[in-house]
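Computation of the quantities below employed the complete heavy-atom set of this structure, encompassing side-chain atoms and omitting hydrogens, waters and symmetry-equivalent molecules. Worth saying up front: this structure is predicted, and the values here are computed from it rather than measured.
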Amino acid sequence: MPLKRASRGRTKGGKGSSGVVQCTNCGQTVPKDKAKKVTSRLNLVEHTLAKELRSQGAYIAAPTVLKWYCISCAIHYKILKIRSADNRRKRGRLR
């Protein structure tokens, strides 16, 4: 039976078992090398207030939030795009 993807959808290589993570959206358990990792910054202060505080010399922390998505949720939130059969084996950024 032919393979749909050369990597079978994972970045594992030959390292054996990789850990599992839970999808941030649906809670599904996904292998860590198959899940899509998304990092974003969390703004704790409203933009206009932050602008005023910065002008007065204050430092405003913006913690980094790490989210893991399963493939179906990543496609739903448009983190991933469905690729044609010709483009499936090509590497590179999709955005």
Colleague: Of the non-hydrogen atoms in C73 and C23, which two are nearest, and what is the gap between them?
Modeller: SG-SG, 3.7 Å
Colleague: What is the distance from atom NZ of K37 to atom CD1 of I79, rounded to the nearest 0.5 Å?
Modeller: 13.5 Å
Colleague: Who else is in the cluster with L66 when I, L, V, M, F, W and Y are joined by side-chain contacts under 4.5 Å?
Modeller: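 Same cluster as L66: V21, W68.
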Colleague: Among K36, H76, Q28, which residue meets the side chain to side chain contact (heavy atoms under 4.5 Å, CB included) test with I71?
Modeller: K36
Colleague: Using side-chain hydrogen bond (donor to acceptor under 3.5 Å, both in side chains) as the criterion, list what pairs up with S84, not counting sequence neighbours.
Modeller: N87
Colleague: Kindly state each residue pair satisfying salt bridge (charged side-chain N to carboxylate O under 4.0 Å, His left out) with at least one member in residues 47-64, sequence neighbours excluded.
Modeller: none
Colleague: Report all side-chain donor-acceptor pairs from residues 40-48 shorter than 3.5 Å, counting only partners two or more places apart or in another chain.
Modeller:
residue : atom : partner : partner atom : Å
E46     : OE2  : T48     : OG1          : 3.3

Colleague: Could you note down all residue pairs passing salt bridge (charged side-chain N to carboxylate O under 4.0 Å, His left out) where residues 10-28 supplies at least one of them, sequence neighbours left out?
Modeller: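 Those involving residues 10-28 are R10-D33.
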Colleague: Give a yes-or-no answer on whether the side chains of N25 and Y77 include a donor-acceptor pair shorter than 3.5 Å.
Modeller: yes
Colleague: Below 4.5 Å, heavy atoms only, C-beta onward: do T39 and V65 meet side chain to side chain?
Modeller: no
Colleague: Does atom CG of L49 have more than 12 heavy-atom neighbours, drawn from other residues, nucleotides or ligands, at distances under 6.0 Å?
Modeller: yes
Colleague: List the residues meeting side-chain contact (heavy atoms from CB on, under 4.5 Å) with T29, not counting sequence neighbours, and say none if there are none.
Modeller: V20, Q22
